[in-house]
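Order of the sequence lines fixes the chain letters, A, B, ..., with proteins taken first and strands second; residue numbering starts at 1 for each chain. No experiment lies behind these values; they were computed from the predicted model shown.
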Amino acid sequence: MTFIEELKLRGLLQDMIPGTEEFIENNEVKGYIGYDPTAPSLTIGNLVTIMMLVHLQRHGKTPVVLFGGATGRVGDPSGKDAERKLLPEDVIEANLANQVGQFKRLLNFEDGHNKAITVNNYDWFKNIGFIEFLRDAGKHLTINYMMSKESVKRRIETGLSFTEFSYQLLQGYDFYHLYENHGVNLQLGGSDQWGNITTGTELVRRKSGGEVYAAVCPLLTKADGSKFGKSEGGNVWLDPKMTSPYKFYQFFMNAADADVEKMLKIFSLRPIEEILEIIEQHNADPGRRYGQKILAEDATILVHGEEELQKAQDATSLLFGKGTAETLMKLDEETLLSIFDGVPTFHISKTELSAGINIIELLATNTSILSSKGEARREIKGNAISINKTKVTKEDHQVTNADLLNNKYMLVQKGKKNYNLLIAE
RNA sequence: GGGGAGAUUCCAGAGUGGCCAAAUGGGGCAGACUGUAAAUCUGUUGGUUGAUACCUUCGAAGGUUCGAAUCCUUCUCUCCCCA
């Protein structure tokens with residue numbers, strides 16, 4: 001199976017430059033994707049395009065990760081309705097350092113003829129002066145060409161700064177630089193990058209007369225039309241400190257039936273035939289959530305590893321299985337802590353607790369599980385609060401040392417899926 | 001440079017002196033149902049409060065008034081038309 005065939009079967013191919021498939025099969029290929037370090041961590045949205053690099057490497061080609069140390073300072077108008085805020089430079093540097101570590105888990109940077117490499121476009125842009133850039137890059141492309149890009153057209157009515165307008169030229173120059181200096185001849189990415197990518201291939205063609213190719217994957221959407229990659233109240237990050245492995249696992253467990261196939265093809269490295277078989281089994285009895293389980297397993301191993309998966313599964317089986325107040329009571333401290341690793345924790349004083357704390361105070365004042373007393377009251381009225389898996393129904397409920405598990409911990413739950421661990425000391 | 005329209009609670013968008021913490025829709029959160037689903041239904045969605053009530057909020061700052069999101073003044077920003 002060719003690389004492009006693999007992408008197609010996995011729903012990771014939206015568009016490519018004619019001839020890309022033949023070229024990849026018959027040449028030494030180095031393919032790159034650019035990531036702008038505008039957040040401290042990569043997200044599962046980024047993971048989609050990273051999977052393209054993973055497959056590229058598995059097909060014996062060299063993946064190149066380009067960090068937009070320079071372009072991230074400018075802001076990409078693609079897919080954005082409004083001008084972006086510029087980030088302070090030290091924030092960009094910190095983000096970049098963190099993201100480098102995340103890639104190390106996903107691609108092989110260590111050995112083989114096709115080990116992955118990273119580059120940072122700040123390294124070449126920092127030495128190029130504005131005049132030089134205008135003569136060297138700007139001269140080769142017309143305004144008419146740049147204006148015809150969808151990302152620019154969409155913003156022409158509402159406004160677009162010269163800075164963001166120039167973004168495609170910077171990104172295009174990346175490709176040219178990588179082609180000239182690193183022999184990079186393929187660019188991958190999300191379909192929102194198609195305009196920027198073709199600017200790059202155009203620039204290489206005009207400046208170097210070189211032969212370069214590109215392919216993009218579709219933007220991942222959910223069956224119900226909502227945005228992919230967000231869960232309760234935010235992004236799903238790859239950084240375990242920002243999205244715990246447990247939450248990460250749960251995100252995939254909660255995938256809609258209609259999305260399971262699509263997501264398995266993207267986030268699982270199992271052969272495509274096996275995935276189709278899994279889907280068949282899943283569809284026979286969707287209520288078992290077989291597809292979601294495999295999906296969550298594979299994705300969690302990929303990003304966080306076996307050990308974290310095990311913990312996430314332990315927590316899941318306790319919290320969503322037949323987990324009752326009694327089983328919770330029976331857990332020893334070590335098991336308890338490992339299961340709730342990654343669940344938000346709060347500390348309270350044992351002396352204070354021994355006197356008894358009103359449940360509303362506890363939720364809104366002693367901890368920030370809920371943001372106000374009014375909200376705490378509403379949630380209790382709405383039957384949403386549980387302590388140690390037992391519903392709290394009265395607003396004047398007092399919590400005491402007697403509620404502690406192992407004389408130290410308390411499990412406070414809002415709704416079905418939001419857990420908090422209180423530690424009394 | 002000239003003329004016009006506008007800025008409302010997370011978003012969209014009503015409200016043009018007291019009945020406005022502010023309609024309605026979306027989104028969020030929760031409950032029921034269920035498969036930790038989808039769809040549906042219900043509740044809730046500024047803060048303190050048992051409730052009355054009070055406090056902060058309708059671009060910013062002043063002012064008029066017993067009383068202002070609503071009227072006046074100045075300022076900031078956005079959009080549209082003409083040059």
Side-chain angles (χ1 to χ4, degrees), chain A residues 80-83 85 154-161 221-236 244-264 278-279 281-297 299-300 309 312-324 327-328 339-340 342-344 358-361 363-366 368-387 389-398 411-420:
Chain A
K80 309 287 188 313
D81 298 326
E83 183 85 9
K85 279 203 200 79
R154 270 188 49 211
R155 288 278 296 281
I156 221 80
E157 287 293 316
T158 54
L160 167 79
S161 68
T221 53
K222 292 208 285 185
D224 63 7
S226 64
K227 204 170 173 189
F228 175 79
K230 304 270 184 189
S231 71
E232 309 88 60
N235 262 314
V236 178
S244 71
Y246 165 74
K247 284 228 157 161
F248 185 87
Y249 180 84
Q250 281 294 318
F251 170 80
F252 289 100
M253 275 304 274
N254 280 305
D257 294 331
D259 293 323
V260 169
E261 178 171 353
K262 196 195 302 191
M263 289 171 73
L264 260 175
I278 291 166
I279 291 304
Q281 281 194 47
H282 173 77
N283 289 339
D285 182 9
R288 275 178 57 224
R289 297 185 158 260
Y290 179 65
Q292 280 91 339
K293 274 182 200 134
I294 303 277
L295 171 64
E297 263 175 47
T300 308
L309 169 69
Q313 285 183 322
D314 286 348
T316 296
S317 63
L318 181 83
L319 299 177
F320 292 101
K322 301 263 182 298
T324 58
T327 52
L328 201 59
I339 284 174
F340 293 109
V343 164
N358 174 262
I359 181 67
I360 289 168
E361 293 285 332
L363 293 170
T365 313
N366 296 65
S368 50
I369 293 170
L370 295 176
S371 60
S372 70
K373 291 187 186 177
E375 190 183 358
R377 243 176 237 113
R378 281 195 296 271
E379 297 293 3
I380 288 172
K381 258 181 215 151
N383 210 21
I385 303 296
S386 302
I387 287 187
K389 303 221 99 186
T390 306
K391 290 278 182 200
V392 173
T393 48
K394 292 198 295 286
E395 287 183 30
D396 55 4
H397 183 84
Q398 293 281 317
L411 186 65
V412 181
Q413 194 177 348
K414 188 196 86 159
K416 285 190 190 110
K417 297 179 188 176
N418 302 293
Y419 293 89
N420 298 82

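- G62(B) and C29(B): their P atoms are spaced 39 Å apart (whole Å).
- Nucleotides A68(B) and G17(B) are separated by 6 Å at their C1' atoms, to the nearest Å.
- The nucleotide U78(B) finds its pairing partner in A5(B), both defining distances of the Watson-Crick or G-U wobble pair being shorter than 3.5 Å.
- The side chain of Asp257(A) approaches G35(B) more closely than any other nucleotide in the set G35(B), G31(B), A30(B).
- Between Lys293(A) and the phosphate of A37(B), there is no side-chain N or O to OP1/OP2 separation shorter than 4.0 Å.
- Dashed line: the shortest gap from a side-chain N or O of Asn383(A) to OP1 or OP2 of G43(B) is not under 4.0 Å.
- Pairing each heavy atom of Gln292(A) with each of Asp257(A), the nearest pair is NE2-OD1, 3.2 Å.
- Look at G17(B): it lacks any Watson-Crick or wobble partner with both distances under 3.5 angstrom.
- Pairing for C71(B) goes to G63(B), judged as Watson-Crick or G-U wobble with the two contacts each under 3.5 Å.
- Taking only side-chain atoms of Lys373(A), from C-beta outward, the nucleotide of G35(B), U48(B), A30(B) with the closest atom is U48(B).
- Which of G31(B), G35(B), U36(B) sits closest to the side chain of Lys391(A) comes down to G31(B).
- As rounded to whole Å, 25 Å separates atom P of G35(B) from atom CZ of Phe252(A).
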Give me the distances for all protein-to-nucleotides 50-56 of chain B N/O pairs that come in under 3.5 Å?
{"unit_1": "G50(B)", "atom_1": "OP2", "unit_2": "Arg377(A)", "atom_2": "NH2", "d": "3.3"}

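- Gln292(A) comes within 4.0 angstrom of a base, heavy atoms only.
- Ala376(A) and Leu370(A) get closest at one heavy-atom pair: CA-CD1, 3.4 Å.
- When every heavy atom of Lys389(A) is checked against every heavy atom of Leu319(A), the shortest pair comes out as NZ-O, 2.9 Å.
- Side chains of Glu395(A) and Asn358(A): no donor on one and acceptor on the other come within 3.5 Å.
- Met253(A) has its CE atom 10 Å from the C1' atom of G35(B), to the nearest Å.
- In this structure, Lys262(A) atom NZ and A37(B) atom P are separated by 20 Å, rounded to whole Å.
- The pairing partner recorded for A51(B) is none, the criterion being a Watson-Crick or G-U wobble arrangement whose two distances lie under 3.5 angstrom.
- Across every non-hydrogen atom of Ala315(A) and Tyr246(A), the tightest pair is CB-CD1, 3.8 Å.
- Between the C1' atom of U34(B) and the CZ atom of Arg289(A) lies a distance of 10 Å, rounded to the nearest Å.
- If you measure from atom NZ of Lys416(A) to atom C1' of C29(B), you get 13 Å, rounded to the nearest angstrom.
- Between U44(B) and A7(B), the two C1' atoms lie 29 Å apart (nearest whole Å).
- Rounded to a whole angstrom, the distance from the C1' atom of U56(B) to that of A5(B) is 31 Å.
- If you take atom P in G63(B) and the same atom in A12(B), they sit 31 Å apart, rounded to whole Å.
- Distance noted for atom P between A37(B) and G28(B): 15 Å (whole Å).
- With both ends at atom P, the span from U45(B) to U34(B) equals 28 Å, rounded to whole Å.
- Among all heavy-atom pairs drawn from Tyr290(A) and His282(A), the shortest one is N-ND1, 3.7 Å.
- Residue Ala384(A) has its side chain nearest to A30(B) when only A37(B), G35(B), A30(B) are considered.
- Pairing each heavy atom of Leu309(A) with each of Ala296(A), the nearest pair is CD1-O, 4.4 Å.
- The base-pairing partner of G35(B), taking Watson-Crick or G-U wobble contacts with both distances under 3.5 Å, does not exist among the strands shown.
- A gap of 27 Å separates the P atoms of A21(B) and U42(B), to the nearest Å.
- Within 4.0 Å (heavy atoms only), Gly382(A) reaches sugar-phosphate atoms of the nucleic acid but no base atom.
- Side chain of Gln250(A), nearest nucleotide from G31(B), U36(B), C29(B): U36(B).
- Considering only side-chain atoms of Lys417(A), the nucleotide from U48(B), C29(B), A37(B) that sits closest is A37(B).
- Of the candidate nucleotides U34(B), G47(B), G35(B), G47(B) has the atom lying nearest to any side-chain atom of Arg378(A).
- Aromatic ring pairs are classed by plane angle as parallel below 30°, tilted from 30° to 60° and perpendicular above 60°; the pair Tyr419(A) and Phe340(A) is tilted.
- Closest approach to the Pro286(A) side chain among G35(B), G31(B), U48(B) is made by G35(B) (side chain taken as heavy atoms from C-beta onward).
- In this structure the side chain of Lys414(A) reaches within 4.5 angstrom of the side chain of Ile385(A), judged on heavy atoms.
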